[in-house]
Protein chains: 2
Amino acid sequence: MPRENQTWQSVRDEVQRRIQTRVWPMGGLLPKEEDLAQELGCARVTVNRALRHLAEQGILNRKRKSGTRVAEFPARNVRFRIPILREEIEAQGAVYSYALLLRAQLAPPPPVRAAMQMKDAPALHLQSLHLADARPFVFEDRWINLATVPEAERVDFETLSANEWLVGHAPFTAGDMSFGAVRLDHPMAKALGAHEGDSSLTNERLTWDGAQSVTHVTLTYAPGHRIQSSF
Amino acid sequence: MPRENQTWQSVRDEVQRRIQTRVWPMGGLLPKEEDLAQELGCARVTVNRALRHLAEQGILNRKRKSGTRVAEFPARNVRFRIPILREEIEAQGAVYSYALLLRAQLAPPPPVRAAMQMKDAPALHLQSLHLADARPFVFEDRWINLATVPEAERVDFETLSANEWLVGHAPFTAGDMSFGAVRLDHPMAKALGAHEGDSSLTNERLTWDGAQSVTHVTLTYAPGHRIQSSF
DNA sequence: AAGTGGTCTAGACCACGTC
DNA sequence: ACGTGGTCTAGACCACTTT
């Protein structure tokens, strides 16, 4: 006799309900997948999918042998969508444009060099501005590892932003990203059309192709910009 | 004759390889799941799992009937882990402590009231400080909707932070979160042990239990703090 | 109407983590 | 050694989208 075709979403909802009504208290142990499946009248794989989903969100902790527990600290894993700047600007209905401010070839300063795990070989340094309807939106400060992407030396980046060129020419396999806040100094404020001392959100990214660093970039958003997500 | 037991991770890796080497160019159409499964020698469900995973990351776009395409803009969906403050501080090996600075009951200012979709009913307003090794770490400004959580009125929050109390007493079903940067004014700088004009990362959250808002909180981190993630 | 992804079931075996 | 989650396979049906 076949079971009664629960969906994994309905299992997820039922589990969340039991957590919220504290049938299963914080830190409590859930029944094992097989038992839950039998109780709810579905296949174990369906329960597995639902519990895996909640674990990815940080609501459950799962370990083999020890079982599944309600997380003590319901630390949520929140997803943020990190779009290409052109896309983000055009999605607002604004016209995207780009201006190269500086292009040089030199050894990066020690913190960047250390983060990129480079010898003292020169790298390509680019500073540029991304504009929305001709208003400064983001200031970009980028270092490209020429040992990893030697072709970059022959590109002038006057019309095509480094971001878009790299997307097509230097695939990456991993990366780190962080957000912070920074007080604008005079030149940066001037570039962004803001005031010295204003506060800006910064986004720093470092990408890798295997064990070799590809590029290190710091984006400084115009003051007031926020990054949003729902959960 | 059974197929040869590929793992979904190996399928995912192979697909990523083909995207990086442009066997499947940006915007290009992938074979349908069934064909891919046959080519790679595994079950269709295994291919499905791998492709679904990449779609969740924003690397692929999938639509029924039209098929699976390589995303034009490889916008990554990056996961950030948003821990409870106590957990975050203790994870650094520091001693967590907490101090309530203000507790009042009044109608929130218009922007907060609008965001929380409240009438002009009073809400509970709390300001507090979270400290790591007795050094200010985060300033918290919180509004609690007493229509949703009336019990909060009888809690003094002197020793237990609102965050930890709410976790146990006011489950939420959804929320919005955003990050921004702010220039510290004098009182905030003083509370955080920083200088007026310093720049801080802020994290704003609004949680809902169904259609009713639960709480609105703005966290202002001590200057220099960053939020990190890998992908 | 037809094509493609989305999901379910049953059964099996594997892998990790604890004892 | 053993218990629990992790995953795979084959086959089936459903659901959404476009023709």
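Lettering follows sequence order; numbering is per chain, from 1. Fair warning: this is a prediction, and the values are worked out from it, not measured in the lab.
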Exercise. Do NZ/NE/NH1/NH2 and the carboxylate oxygens of Arg142(A) and Glu204(A) come within less than 4.0 Å?
Worked result: no
For this session: Sort and list the pairs that fulfil ring pair (Phe, Tyr, Trp, His ring centres under 6.0 Å) and have at least one residue in residues 30-51 of chain B, not counting sequence neighbours.
Result: none
Exercise. When the distance from CG of Leu40(B) to P of dT9(D) is rounded to whole Å, what number comes out?
Worked result: 11 Å
Seminar exercise, completed: Arg69(A) atom CZ is separated from dG17(C) atom C1', nearest whole Å, by 14 Å
For this session: Could you state the atom-to-atom distance from CD of Gln38(A) to P of dT9(C) in whole Å?
Result: 13 Å
Problem set entry | Partner set under salt bridge (Lys or Arg N to Asp or Glu O under 4.0 Å) for Glu56(A), not counting sequence neighbours | none
Problem set entry | Contacts of type side chain to side chain contact (heavy atoms under 4.5 Å, CB included), residue Gln212(B), not counting sequence neighbours | Thr148(B)
Problem set entry | Separation of atom CD in Glu34(B) from atom C1' in dG3(C), rounded to whole Å | 11 Å
Problem set entry | Any residue meeting side chain to side chain contact (heavy atoms under 4.5 Å, CB included) with Glu87(B), in chain and number order, not counting sequence neighbours | Phe73(A), Ala75(A), Arg81(B), Pro83(B), Ile84(B)
Exercise. Which residue pairs pass the side chain to side chain donor-acceptor pair (under 3.5 Å) test with at least one member in residues 63-72 of chain A, sequence neighbours excluded?
Worked result: Arg62(A)-Thr68(A)
Exercise. Atom CD of Glu33(A) and atom P of dG6(D): how far apart are they, to the nearest Å?
Worked result: 6 Å
For this session: Send over the distance from Lys32(A) NZ to dT4(D) P, rounded to a whole Å.
Result: 4 Å
For this session: Decide yes or no, distance alone: a donor-acceptor N/O pair under 3.5 angstrom between the base of dT4(C) and the side-chain of Arg44(B).
Result: no
Exercise. How sharply is the helix from dA1(C)-dT18(D) to dT18(C)-dA1(D) bent, taking the axes over five pairs at either end and rounding to 10 degrees?
Worked result: 30°
Exercise. Which residues satisfy the salt bridge (Lys or Arg N to Asp or Glu O under 4.0 Å) test with Arg135(B), sequence neighbours excluded?
Worked result: none
Exercise. Considering only heavy atoms, which members of residues 8-15 of chain B lie under 4.0 Å from some atom of DNA chain D?
Worked result: Trp8(B), Gln9(B)
Exercise. Does Thr68(B) have a side-chain nitrogen or oxygen under 4.0 Å from the phosphate oxygens OP1 or OP2 of dG5(C)?
Worked result: yes
Problem set entry | Matching residue for Glu14(A) among Gln16(A), Arg18(A), Arg12(A) - test: side chain to side chain donor-acceptor pair (under 3.5 Å) | Arg18(A)
Exercise. If you look only at pairs with a residue in residues 13-70 of chain B, which of them pass as a ring pair (Phe, Tyr, Trp, His ring centres under 6.0 Å), with sequence neighbours excluded?
Worked result: Trp8(B)-His53(B)
Exercise. Of the residues in residues 48-66 of chain B, which ones touch DNA chain C at a heavy-atom distance under 4.0 Å?
Worked result: Asn48(B), Arg62(B), Lys63(B), Arg64(B), Lys65(B)
For this session: Quick one: which residue pairs count as a ring pair (Phe, Tyr, Trp, His ring centres under 6.0 Å) with a foot in residues 33-52 of chain B, not counting sequence neighbours?
Result: none
Problem set entry | Ala222(A): side chain to side chain contact (heavy atoms under 4.5 Å, CB included) partners, not counting sequence neighbours | none
